[in-house]
Amino acid sequence: MMHDHDTIVAPATAAGGALAVIRLSGTDALAVCDRIFKGRTPLAEAKGYTVHYGRIMEGERTIDDVLASVFRAPHSYTGENSVEISCHGSSYIVSEILRLTQAAGARMAEPGEFTVRAYLAGKLDLAQAEAVADLIASSSQAAHALASNQMRGGYSASLETLREKLLYLASLLELELDFSEEDVEFADRQALRETLEQIGRSIDGLRRSFALGNAIKEGFAVAIAGAPNAGKSTLLNRLLNDDRALVSDIAGTTRDVIEEQTNIDGVVFRFLDTAGIRATDDRLEEMGIRRTLKSIRRAQLIIHLVSADTIGPDGSIPQPGFTLNPEQKLLTVVNKIDTRPTLALPDGVIGISAREGTGIDTLYHALRECVDTQALLDGDPVVSHSRHLQALSQASEALQQALSAFDSLPTDLLAEEIRAVTSALGSITGRGTITSDEILINIFSKFCIGK
Ligand code: GDP
């Protein structure tokens, strides 16, 4: 990866707006800009955090009237000298300015290169850098809160606390090794064990938070299951608030991953295999059932939809034809209550008429209640990257190793296990460990140009 401070340039805004921003960063960014920017004074003489009106010129030809914002190292996103040129949002103007800045000595940035530089300058850690990408991609209030907590470093701070505790313990143990002839114990074994157990609980808490973090980021996965004619596709249309035609042609239903989503009170719900739900054609029924079972396995929440006319006179609800794993939630919903208005339903069962819209608000509410976002609102650390989950699992494994053989493990091996936990935790933020170029490229290649 590129570790020098040559001047990079990239558009920072998407095409199509009234204005566009072009970002430059590098030791010579101001001088490079001055070769094409004509204002009252050269940018190279300007103070940081100032904005300058001027023109982008190619010889005598004016390309555009622009504003140039100047940032001076180290007080910029990248920690380097930087300029942000705000110009008119024409793709022609943007490409001309990019061409001219390159002729003046800048080069086009790689995807994520601005953020790589910010990371290398110690402006943010890896978890925060990943959050920048999440923040830009966030499409719901909850996803925004998640990314913004992480970007502000809340999660990094709690990892750092754990890591520091462990480092302290490891260093006490290593001190013992230095004095091994004298048979001293700096680290009280009982206290050490308790601390490790406590750290283990914190790590497990973080691992558990992934279910929420992932659901918030990717959308909460919902499957609608029920017998044919229960009203699944009517309900889906109702929940998605539209009246799209049922998919009945083969071409449409063979599209494998048709997923539709709706935002309920700041959380995105993703309806799995809506093609399967909408496949009403007989020829497709078997295929549909197989796919429904598959989506039931993937779902975090299953709506078991039962038609009111299949309910016994004693109010007994037919059993679902599937089993759940312990992490999955089930909502039992009785549809077509318009046909049996006097039907008494057991507690916790929601009665609706998908066709008429009765009970849909209650169902929305129940769906939203299935996702407990309190942790997010409280600003608790919530894990949302599988890379982090993996590192936490590694940490947890090393910790279990240390604890399970705690009494028999010689001091040096114990210290080694603790170091392993430390480095697994450190890999999340990239602090205290050396992050390989491979990992950096993997993280930053997901960024687009200009971030
Ligand atoms: P699916 O096979 O589970 O997808 O069921 P559909 O959504 O295709 O619905 C089956 C039939 O039940 C259709 O004729 C719908 O119009 C009807 N239906 C769906 N919801 C309701 C409802 O709330 N009340 C009544 N009376 N009929 C409904």
Side-chain angles (χ1 to χ4, degrees), residues 220-262 264 269-313 315-324 328-346 348-368 370:
F220 201 72
V222 184
I224 304 178
N229 282 325
K232 297 182 292 298
S233 62
T234 311
L235 173 61
L236 181 69
N237 282 331
R238 176 63 71 180
L239 288 174
L240 297 174
N241 257 328
D242 74 1
D243 241 347
R244 254 169 276 181
L246 298 183
V247 176
S248 56
D249 60 315
I250 295 225
T253 49
T254 48
R255 280 179 296 165
D256 238 27
V257 271
I258 298 185
E259 289 182 357
E260 281 166 288
Q261 49 187 46
T262 187
I264 306 173
F269 290 79
R270 212 155 38 87
F271 295 93
L272 299 178
D273 192 25
T274 53
I277 293 173
R278 286 173 170 174
T280 51
D281 193 306
D282 281 346
R283 286 170 297 163
L284 296 174
E285 197 168 300
E286 200 186 323
M287 204 171 98
I289 289 169
R290 240 184 298 131
R291 287 162 51 151
T292 305
L293 287 176
K294 207 165 134 202
S295 61
I296 287 172
R297 276 197 300 275
R298 284 170 53 219
Q300 287 158 297
L301 168 73
I302 291 124
I303 297 180
H304 180 217
L305 192 65
V306 179
S307 173
D309 53 35
T310 61
I311 292 186
S316 61
I317 311 254
Q319 285 301 306
F322 50 84
T323 48
L324 301 182
Q328 292 180 309
K329 293 183 178 162
L330 179 73
L331 268 186
T332 304
V333 177
V334 171
N335 187 26
K336 312 192 188 181
I337 52 164
D338 53 300
T339 60
R340 290 179 72 180
T342 56
L343 192 65
L345 294 174
V349 173
I350 299 166
I352 63 163
S353 168
R355 192 152 79 186
E356 287 169 16
T358 334
I360 297 299
D361 280 344
T362 312
L363 179 54
Y364 271 131
H365 189 72
L367 281 168
R368 183 61 183 80
C370 287

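Note that ligands are numbered from 1 as they come in the structure, with each ligand's atoms numbered from 1 the same way.
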Any N or O on Ala230 sitting closer than 3.5 Å to an N or O of ligand 1?
-> yes
request  = Could you say whether the N/O atoms of Ile352 and ligand 1 ever approach to under 3.5 Å?
outcome  = no
field: Validation row: Thr362, Ile352 side chains within 4.5 angstrom (heavy atoms)
entry: no
In ligand 1, the atoms that come under 4.0 Å of a heavy atom of Ser353 are 22 (C), 23 (O), 24 (N)
Residue pair Leu272 / Arg270, side-chain heavy-atom distance below 4.5 Å:
yes
Note to self: Walk me through whether Val306 and Val349 qualify under side-chain contact (heavy atoms from CB on, under 4.5 Å).
What the structure shows: CA-CA 10 Å; Val306 179; Val349 173; over 6 Å; no
Taken in chain and number order and not counting sequence neighbours, the residues that satisfy side-chain contact (heavy atoms from CB on, under 4.5 Å) with Asp338 are Lys336, Ser353, Glu356
message = What I'd like to find out is whether the side chain of Arg340 reaches to under 4.5 Å of the side chain of Ile311, using heavy atoms alone.
response = yes
Beyond-backbone contact of Phe269 with Leu239, side-chain heavy atoms, under 4.5 angstrom = no
Report task. Measure the shortest side-chain to side-chain distance between Ile317 and Thr332 over non-hydrogen atoms and say whether it is less than 4.5 angstrom. Result -> yes
request  = Consider every N or O of Lys232 and every N or O of ligand 1, then say whether any pair is closer than 3.5 Å.
outcome  = yes
Going by the 4.0 angstrom heavy-atom rule, the piece of Asp338 near ligand 1 is side chain
**OP:** Using non-hydrogen atoms of the residue, decide whether Gly226 is closer than 4.0 angstrom to ligand 1.
**Re:** no
Looking only at non-hydrogen atoms, the one of Asn335, Ile337, Thr358 nearest atom 20 (N) of ligand 1 is Asn335
So the atoms of ligand 1 within less than 4.0 Å of a heavy atom of Thr339 turn out to be 26 (N)
Considering both backbone and side-chain atoms of Asn229, is one of its nitrogen or oxygen atoms within less than 3.5 Å of a nitrogen or oxygen in ligand 1?
yes
Nearest heavy atom to atom 16 (O) of ligand 1, choosing from Glu356, Arg238, Arg340, Arg355, belongs to Arg355
